[in-house]
S.K.: 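Please see the structure below; I have some questions.
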2 protein chains.
Amino acid sequence: MAMTARHSESRYGNRPTMKDVAARAGVGLKTVSRVVNGEPGVTPDTERRVQEAIEALGFRRNDSARVLRKGRTSSIGLVLEDLADPFYGPLSRAVEEVARAHGALLINGSSAEDPEREQELVLALCARRVDGLIVIPAGDDHRYLEPEIKAGIATVFVDRPAGRVDADMVLSDSFGGAREGVAHLVAHGHRRIGFIGDQPRIHTAKERLRGYHTAMTDAGITVEDSWVSLGSTDPARVRAAAETMLRGPEPVTALFAGNNRVTVTVVRVLAECDRRIALVGFDDIELADLLGITVISQDAAAVGRTAAEHLFRRLDGADHAPARVELATRLVPRGSGELPPAA
Amino acid sequence: MAMTARHSESRYGNRPTMKDVAARAGVGLKTVSRVVNGEPGVTPDTERRVQEAIEALGFRRNDSARVLRKGRTSSIGLVLEDLADPFYGPLSRAVEEVARAHGALLINGSSAEDPEREQELVLALCARRVDGLIVIPAGDDHRYLEPEIKAGIATVFVDRPAGRVDADMVLSDSFGGAREGVAHLVAHGHRRIGFIGDQPRIHTAKERLRGYHTAMTDAGITVEDSWVSLGSTDPARVRAAAETMLRGPEPVTALFAGNNRVTVTVVRVLAECDRRIALVGFDDIELADLLGITVISQDAAAVGRTAAEHLFRRLDGADHAPARVELATRLVPRGSGELPPAA
DNA sequence: CTCGGATATGACAACGTTGTCCAGGGCCTA
DNA sequence: TAGGCCCTGGACAACGTTGTCATATCCGAG
């Protein structure tokens, strides 16, 4: 007898509608709506009958229809680079918590750092009429969002600035953080300091590189080309870059890693290295305290929370000019950044 | 001149509809629909006119209305415990990739291990008529999902079995993994082995505890009550538990940590400890290789991918009885689990 | 020249909900 | 008892899209 079902011809597998509930309870359609939405003006007795019918039929309101009528989806979209990256998990969770406090659901998507995929995702979210968008840009041209923003989809850009579009942004102080980290190495006696970063088309990567250069210049050090490596954060490439810098007659005595993925690979390389090389990494990492890795820490959860709060302030009607918030980073000394230059 | 806007009275901030596009292009409503959906039967010339109108007005199809008509949302819901947990990031990302391959978006929510919040989230997703659901259960009674499942929302439970409901499940072999890990410690000469786990109402926690007991019994060891600690994974509690087990006249010589959060805290405690205590943890952790932590590893991405593939197979019409898949775990020896008992 | 048939297009209903508005009935007051 | 008011409940339109079906147009064959 384990057959039947699944040959239903109607959508939603024949879900009951308010009309069905109304028929069963012997009341009008609108009365069901009132009960479902907790609106006043229904006698306890009627309400009970309606509730029973709802229960019996397994009715659940169809939010698609509701949205169509009301014009608000109570959902926001978050487009980031990669949910699997330990930096974005807490960020996303923080956004979710704020959304929840405002009764909204969160739809997220990973752009995989691909501008085209970013656009595709963002526009899909717009088609669903999310109330707001939080975007960690992969591309650098967001003019495609102009009609959407004009049409009322509140948008906040995070971590990297929006391209060619005027909107709210929440950033971390990449420049200042990198500068501080490199200066920290300088203060511990290093002069030949390597920098391994992400692709320079990424804003944060560029800013961190700039921080590195500024700190070096401030210290009166001329940066040699071989000390800088930019490109993908693919472990193989980072490993090769690090090994190159550590070889040769004049190897670097310290490294600055441009983000968490770079740091992880560099730590692995250094673990196999006989000399003691100093290291400061951008972004904190779980267990970095136990490994004694000095980092420039940015609070991912705070970034997410700030962005989401901005977003909902907009949704609640805030009407000021687009703002740009920059969150400070924090140097967390744990040992690796305080090593003196190896002989 | 930076005023105006934002006083629009209509919903969606006055977004143009197909009707508007039709009027502007001088064609019928349905023709616009055809163009937007790439349906055949439109002259190139007409299509061009419609495209221009779309461009000029900044039209974007309203998917809410579309969903109402078509009955499919092309979105799936994922309810997990905490997106910020490094175990769930990759899992969620894997689900997203599969969804993307099927043209669906992913809505996720964190239950924070609260059954009530789980139910609230799940039902909100059902109200939005997600096509399918992937749930990492917080509660142990999912009968509330019965009407939804009956109504056609495909559901796959992950990591922990569903409560009192017949549905697809994708689990890791918690029992076998824990048993293997504890046996590994036994094989290295340990007999007084502590177990620190999560709340026993969580299925995986219970299974891992069972694996521990089985391995101990298999080795002919009688477990003392003081060797086992179950409860929240709050660092303070775990720390206290570990410290207690390591104190006293007959301290444990090895610890088995029930999940990644417990492991992290235990590693911290052991780092402050003068004796060398062996450790095996359930779940892998970033950089665990560098710290030499032996773990029972489960592939979060594989779990997510498997679950999502099951889900879409259902959505594509698979009609077999609910299946239960159990994924194997893998012991990864890295040093901490191979330490001999301290004197 | 006519007819069959393909092709392009539009009119209209329907999806399930909510907002507006009106009707009926009970109750209070004058 | 009439008049008015409040309270409850229902009929109906609208939200923006898609499916169905009818119509207009055009082509080629007979």
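Keep in mind the model is a prediction, meaning the values are calculated, not measured. Within every chain, numbering begins at 1; the chains are lettered A, B, ... in the order of the sequence lines, protein sequences first and strands thereafter.
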S.K.: Round to a whole Å and report the spacing from CG of B:Leu57 to P of D:dG16.
M.R.: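 For the pair B:Leu57 CG and D:dG16 P, the rounded distance is 14 Å.
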S.K.: Which residues, if any, of residues 45-56 of chain B bring a heavy atom under 4.0 Å of DNA chain D?
M.R.: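 Contacts with DNA chain D under 4.0 Å: none.
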S.K.: As an exercise, state the distance from NZ of B:Lys150 to CG of B:Leu145, rounded to the nearest 0.5 Å.
M.R.: 12.0 Å
S.K.: Is it the case that the side chain of A:Asn62 and the backbone of A:Ser64 share a donor-acceptor pair, with hydrogens and angles ignored and the cut-off at 3.5 Å?
M.R.: yes
S.K.: Picking from C:dT17, D:dT17, D:dG9, which would you name as closest to the side chain of A:Val42?
M.R.: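 Shortest atom-to-atom distance from the side chain points to D:dG9.
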S.K.: Once you round it to whole Å, what is the distance between P of C:dG16 and CG of B:Asn62?
M.R.: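 These atoms are roughly 17 Å apart.
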S.K.: Quick one: pull up NE2 in A:His142 and CZ in A:Phe157 and give me the separation to the nearest 0.5 Å.
M.R.: 5.0 Å
S.K.: Report the distance from atom CZ of B:Arg72 to atom C1' of D:dT18, rounded to the nearest whole Å.
M.R.: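 Whole-Å distance recorded here is 16 Å.
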S.K.: Is A:Asp82 reaching over with its side chain to a backbone N or O of A:Ala112, donor-acceptor style, under 3.5 angstrom?
M.R.: no
S.K.: Counting only heavy atoms not in B:Asp140, do more than 12 fall under 6.0 Å of its CG?
M.R.: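 No, not enclosed.
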S.K.: Just the rounded figure in Å: distance from P of D:dC15 to CG of B:Leu68.
M.R.: 14 Å
S.K.: Closer than 4.0 angstrom, basic N to acidic O: yes or no for B:Arg15 and A:Glu148?
M.R.: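 Salt bridge: yes.
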S.K.: Give, ordered by number, those residues of residues 28-38 of chain A having at least one heavy-atom distance below 4.0 Å to an atom of DNA chain D; if nothing qualifies, reply none.
M.R.: A:Gly28, A:Lys30, A:Thr31, A:Arg34
S.K.: Take B:Thr46 and B:Val27 through the test side-chain contact (heavy atoms from CB on, under 4.5 Å) and record every step on the way to the result.
M.R.: CA-CA 8 Å; B:Thr46 309; B:Val27 302; 3.9 Å; yes
S.K.: Would you give the length of the straight line joining atom NE2 of B:His102 to atom CG of B:Leu311, rounded to the nearest 0.5 angstrom?
M.R.: 9.0 Å
S.K.: Considering only NZ, NE, NH1 and NH2 on the basic side and carboxylate oxygens on the acidic side, decide whether A:Arg48 and A:Glu52 come within less than 4.0 Å.
M.R.: yes
S.K.: Report the distance from atom CZ of B:Arg24 to atom CG of B:Leu57, rounding to the nearest 0.5 Å.
M.R.: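 Interatomic distance, B:Arg24 CZ to B:Leu57 CG, rounded to 0.5 Å: 5.0 Å.
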S.K.: Looking only at side-chain N and O atoms, does B:Arg66 come under 4.0 Å of OP1 or OP2 in C:dC15?
M.R.: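 It does not, given that no N or O in the side chain of B:Arg66 lies less than 4.0 Å from OP1 or OP2 of C:dC15.
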S.K.: To the nearest 0.5 angstrom, please state how far the CG atom of B:Asn108 sits from the CG atom of B:Leu106.
M.R.: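 Here the interatomic distance stands at 4.5 Å.
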S.K.: Quick one: B:Arg61 CZ to D:dG16 P, roughly how many Å, whole number?
M.R.: 15 Å
S.K.: Just how far, in rounded Å, is P of C:dG16 from CG of A:Asp20?
M.R.: 8 Å
S.K.: Provide, to the nearest angstrom, the distance between the CD atom belonging to B:Glu39 and the C1' atom belonging to D:dT17.
M.R.: 11 Å
S.K.: C:dC15, D:dG19, C:dA8: which one has an atom nearest the side-chain heavy atoms of B:Thr43?
M.R.: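 Per side-chain heavy atoms of B:Thr43, the pick is C:dA8.
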S.K.: Give the dot-bracket line for DNA chain D from 5' end to 3' end: parentheses for intra-strand Watson-Crick or G-U pairs under 3.5 Å, square brackets for crossings, | for inter-strand pairing, dots for unpaired.
M.R.: ||||||||||||||||||||||||||||||
S.K.: If you check every side-chain atom of A:Met18, which of D:dT18, D:dG16, C:dT17 has the closest atom?
M.R.: C:dT17
S.K.: So for B:Arg69 and D:dT18, does any side-chain atom that can act as donor or acceptor lie under 3.5 Å from a complementary atom in the base?
M.R.: yes
S.K.: Nearest whole angstrom, please: distance from the P of C:dC15 to the CG of A:Asp63.
M.R.: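 Answer to the nearest Å: 19 Å.
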S.K.: Any chance you could measure B:Glu118, atom CD, to B:Glu81, atom CD, to the nearest 0.5 Å?
M.R.: 11.0 Å
S.K.: Are any of B:Lys19's side-chain N or O atoms less than 4.0 Å away from OP1 or OP2 of D:dC15?
M.R.: no
